[in-house]
Every structure is written in structure tokens, then in C-alpha cells.
Engineer: 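Below is one structure. I have some questions about it.
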Amino acid sequence: INGMRRWAENRGYKLQLISINYADIGLPQRRFRLFFIFTKVEIKITEDDFDRSIITVKDAISDLEHQPLGDKPYGYMPDTEYQASLRGVAVALNKAICTDHVAAQVWHKNVKMVKHIKVGKGMSDVSYAHLPGYLRKKYDKKAKGLVDWMPGWGGMIRLDYDQPCRTIIGGPMYLHPKLDRLLTIRETARLTGIPDAYNFCLESGTKSSIGRAYRWLGKGVPVQAGRWLGKVLVRALDENKRAVDHKLMDFRRWDKEED
């Protein structure tokens with residue numbers, strides 16, 4: 001970072017770092033992002049720039065809980081303003097179909113274990129009695145000091161309906177808060193602020209195309225984050241322009257007095 005700062009200063013710019021949490025700008029996901037801004041004006045971030053009202057997983061996807069999987073007509077009305085806002089684009093485009101409501105399949109060796117994963121917990125929190133055979137063997141070897149227990153092996157984690165989502169990464173890992181399945185692409189998109197009208201072109205729901213969609217969602221930057229940053233930058237430029245105009249008016253006034 002110091003090298004980038006020197007590079008910017010040598011060219012007449014300042015490097016300003018802006019960190020945001022998606023949950024603070026109206027999204028149902030706790031995810032921190034750091035933006036590097038090269039600027040000639042000071043960018044001031046105030047508390048008024050953030051929306052501290054919490055949007056939970058339930059606020060984002062509860063209307064899809066009983067929605068049939070696949071590309072089917074919406075079977076339920078939105079429960080919250082957030083759901084209505086993301087559906088609204090689809091409705092405006094006359095898309096009454098809930099698209100991309102498909103999920104990766106839980107590996108067959110883990111199917112029975114899934115129901116024992118509690119809200120906010122992961123695979124590593126499941127009791128030994130409910131572990132599948134291949135994980136019991138790993139656990140037994142660890143107990144004998146033969147292998148290290150899989151660090152960070154949490155694997156699938158069940159989300160909490162009453163909290164914002166954890167950071168979405170590029171793969172299927174989050175279980176539905178109530179249902180014993182992974183989140184669908186549409187549910188994951190909701191948690192990333194992507195409107196329902198967006199179609200991921202899943203190639204008839206093939207395993208490879210579903211995997212690509214999860215990766216896109218994990219690596220992408222939400223439109224809301226770009227909009228938030230754009231507003232902050234535009235305001236900074238406007239404030240700088242007003243300051244320059246004010247100085248210019250003072251100079252012209254002084255110039256007339258000199259004449």
C-alpha cells in the first residue's frame with residue numbers, strides 16, 4: 001500500500017482507502033470490501049452515508065422457502081420490501097417466472113448428516129454419532145494422533161434466518177435456514193442484491209453451469225456497492241467544484257477591487 005501511495009503522490013494524486021461492509025449499505029450480507037481510490041480531492045465518509053438497518057436472510061429469501069425448485073411461476077407474494085424491490089424488476093419486464101431457483105446437490109455421503117447441522121453451525125459441529133463413515137475415520141485417526149483434524153473444514157454451514165448472511169464465497173456451502181438443502185442460485189443472488197430479472201443461463205441446470213453461477217456470485221461486486229461508492233465520489237467532486245467556484249468568485253471580486 002505504501003508503494004501505491006508513493007506512486008500516486010508522484011503523479012499528483014492521493015491514495016484514499018474506503019472500507020465498507022455490505023450489511024451497512026442495505027444488503028443482507030456481511031462482507032467487507034476495500035476500495036482503492038486515486039483522487040485529487042478529499043473524500044469524506046460520514047455516518048449518513050450508511051444504512052445501518054439490518055436486512056436479514058429471512059428478509060431476503062423467505063418468499064422462496066416454499067417456491068418449487070426450477071424455473072416456475074412465483075407461487076407466493078413477497079414478504080418484505082427488499083423482496084418486492086428485487087422482484088419488481090422482473091415484474092416490470094413481465095417475467096412472472098422465478099428463474100434459476102436450482103441448487104447444487106448435497107454429496108450423497110453427507111445427506112443424512114445435513115439434518116443434524118444446526119442454525120449458525122457447520123459440519124465440524126455435528127456430533128460424532130451423526131458423522132458419515134468417511135469423517136468418522138478421519139476423526140478416529142485424529143484421536144490417535146495420526147492426522148490433523150481438518151482445520152476450517154466446516155464445509156456446509158446452516159444460515160440463520162434472523163441474521164445477515166455470512167460472506168458468500170465462490171461455491172455452494174450454505175444450507176437453507178429451515179430446509180435440508182443448499183441455497184439455490186436465486187436465493188444466493190438475492191443475498192447479493194441481484195434482481196430476480198437477471199438470468200444466469202444455467203444450461204438446463206447442469207452441474208457445471210450451477211457451479212459457475214455460484215462462483216460468479218462469490219466473486220462479483222453488487223450493483224448496490226458500485227452505486228454507493230459512485231454517490232460518495234460524485235458528492236466529493238461536487239463539493240470540490242463548489243469550493244473552486246467560491247475561490248474563483250473571491251478572486252474576481254478582488255481583481256475588480258484592484259482595478
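What's counted below: heavy atoms across the whole structure, side chains too, no hydrogens, waters or symmetry copies.
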Engineer: Minimum heavy-atom separation for G193 to L27, with atom names?
Structural biologist: CA-CD2, 3.6 Å
Engineer: State the CG-CD distance between D59 and Q163, to the nearest 0.5 angstrom.
Structural biologist: 11.0 Å
Engineer: With ring pair (Phe, Tyr, Trp, His ring centres under 6.0 Å) as the test, would you mind laying out the steps for W7 and Y13 before giving the verdict?
Structural biologist: CA-CA 9 Å; W7 182 91; Y13 288 85; 8.0 Å; no
Engineer: Do the non-hydrogen side-chain atoms of P177 and V57 ever get within less than 4.5 Å of each other?
Structural biologist: yes
Engineer: Dump the intermediate steps for side-chain contact (heavy atoms from CB on, under 4.5 Å) on I1 and L17, then the final yes or no.
Structural biologist: CA-CA 10 Å; I1 292 178; L17 306 181; 4.2 Å; yes
Engineer: Could you tell me whether D180 and K112 make a salt bridge, using a distance below 4.0 angstrom between a side-chain N and a carboxylate O?
Structural biologist: no
Engineer: Check whether T167 reaches the backbone of R30 with its side chain - one donor and one acceptor, N or O, closer than 3.5 Å.
Structural biologist: yes
Engineer: Is K72 atom NZ crowded by more than 12 heavy atoms from other residues, nucleotides or ligands, each under 6.0 Å away?
Structural biologist: yes
Engineer: Has the side chain of T39 got a donor or acceptor atom that lies under 3.5 Å from a matching backbone atom of V41?
Structural biologist: yes
Engineer: Between Y22 (side chain only) and V221 (backbone N and O only), is there a donor and an acceptor less than 3.5 Å apart?
Structural biologist: no
Engineer: Just to verify, what does H176 make a ring-ring contact (aromatic ring centres under 6.0 Å, His included) with, not counting sequence neighbours?
Structural biologist: Y161
Engineer: Going from CZ on R87 to CG on D63, what distance comes out if it is rounded to the nearest 0.5 angstrom?
Structural biologist: 4.5 Å
Engineer: Apply side-chain contact (heavy atoms from CB on, under 4.5 Å) to residues D24 and D51 and explain how you reach the verdict.
Structural biologist: CA-CA 5 Å; D24 292 333; D51 178 4; over 6 Å; no
Engineer: Is I61 linked to L179 within one hydrophobic cluster, defined over Ile, Leu, Val, Met, Phe, Trp and Tyr using a side-chain heavy-atom separation of less than 4.5 Å?
Structural biologist: no
Engineer: Do M4 and F35 land in one hydrophobic cluster if side-chain heavy atoms of ILVMFWY residues count as linked below 4.5 Å?
Structural biologist: no
Engineer: Within the supplied structure, the quantity of interest is the number of heavy atoms (other residues, nucleotides, ligands) at a distance under 6.0 Å from E9 CD; does it exceed 12?
Structural biologist: yes
Engineer: Indicate if I54 and F50 have the same hydrophobic cluster label, given that clusters are the connected sets of ILVMFWY residues with side-chain heavy-atom separations under 4.5 angstrom.
Structural biologist: no
Engineer: Say whether L183 and I169 are linked into one hydrophobic cluster, either directly or through other cluster members, by side-chain heavy-atom distances under 4.5 angstrom.
Structural biologist: yes
Engineer: Donor-acceptor pair, R166 side chain versus Q29 backbone, under 3.5 Å?
Structural biologist: no
Engineer: Find out whether K178 and E65 are in side-chain contact, i.e. whether some heavy atom of one side chain is under 4.5 Å from a heavy atom of the other.
Structural biologist: yes
Engineer: Could you give the distance from OH (Y74) to OG1 (T99), rounded to the nearest 0.5 Å?
Structural biologist: 6.5 Å
Engineer: Step by step, work out the ring pair (Phe, Tyr, Trp, His ring centres under 6.0 Å) result for Y198 and F200.
Structural biologist: CA-CA 7 Å; Y198 188 87; F200 288 88; 4.9 Å; yes
Engineer: Taking all non-hydrogen atoms of both residues into account, name the closest pair between C98 and Q67 and its distance.
Structural biologist: CB-NE2, 3.9 Å
Engineer: Which atoms form the tightest heavy-atom contact between G26 and Y82, and what is the distance?
Structural biologist: O-CE1, 3.8 Å
Engineer: Do E239 and K44 sit within salt-bridge range, that is, some charged N less than 4.0 Å from a carboxylate O?
Structural biologist: no
Engineer: I'd like to know if the side chain of R190 reaches the main chain of A60, judged simply by a donor and an acceptor atom lying under 3.5 Å from each other, with no hydrogens or angles considered.
Structural biologist: yes
Engineer: Return yes if some donor-acceptor pair links the side-chain N/O of Q83 with the main-chain N/O of D79 below 3.5 Å, else return no.
Structural biologist: yes
Engineer: Is any side-chain N of the basic residue among D49 and K231 closer than 4.0 Å to the acidic one's carboxylate O?
Structural biologist: no
Engineer: Counting N and O atoms only, with roles assigned by atom type, does the side chain of N10 sit under 3.5 Å from a partner on the main chain of R6, one being a donor and the other an acceptor?
Structural biologist: yes
Engineer: If you measure from CG on D100 to CG on D71, what distance do you get to the nearest 0.5 Å?
Structural biologist: 6.0 Å
Engineer: Apply the test side-chain contact (heavy atoms from CB on, under 4.5 Å) to residues I194 and L86: give CA-CA distance (whole Å), side-chain angles for both, the deciding distance (0.1 Å), then the verdict.
Structural biologist: CA-CA 7 Å; I194 296 178; L86 293 187; over 6 Å; no
Engineer: Counting C-beta onward and ignoring hydrogens, is there a side-chain heavy-atom pair between K121 and R158 closer than 4.5 Å?
Structural biologist: no
Engineer: Can you tell me which residue among I25, L34, V232 is in a side-chain contact (heavy atoms from CB on, under 4.5 Å) with I20?
Structural biologist: I25
Engineer: Hey, could you give me the CZ/CG distance between R52 and N21, rounded to the nearest 0.5 Å?
Structural biologist: 8.5 Å
Engineer: State, to 0.1 Å, how close C165 and L159 come at their nearest heavy-atom pair, and which atoms those are.
Structural biologist: SG-CD1, 3.9 Å
Engineer: Got I117 and I157 here, is their nearest side-chain heavy-atom distance under 4.5 Å?
Structural biologist: no
Engineer: Specify the closest pair of heavy atoms between A213 and I185, including all atoms of both residues, with the distance to one decimal.
Structural biologist: CB-CD1, 3.6 Å
Engineer: Is the side chain of R31 donor-acceptor paired with the backbone N or O of T192 at a distance under 3.5 Å, no angle test?
Structural biologist: no
Engineer: What is the distance from atom OH of Y174 to atom OG1 of T188, rounded to the nearest 0.5 Å?
Structural biologist: 10.0 Å
Engineer: Can you name the nearest heavy-atom pair linking Y214 to P172, along with the distance?
Structural biologist: CE1-CB, 3.6 Å
Engineer: Are W228 and V223 co-members of a hydrophobic cluster defined by side-chain heavy atoms under 4.5 Å apart?
Structural biologist: no
Engineer: What do the steps show when you test V114 against R181 for side-chain contact (heavy atoms from CB on, under 4.5 Å), and what is the final call?
Structural biologist: CA-CA 8 Å; V114 164; R181 62 164 175 76; over 6 Å; no
Engineer: Is the closest basic N to carboxylate O distance between K58 and D162 below 4.0 Å?
Structural biologist: no
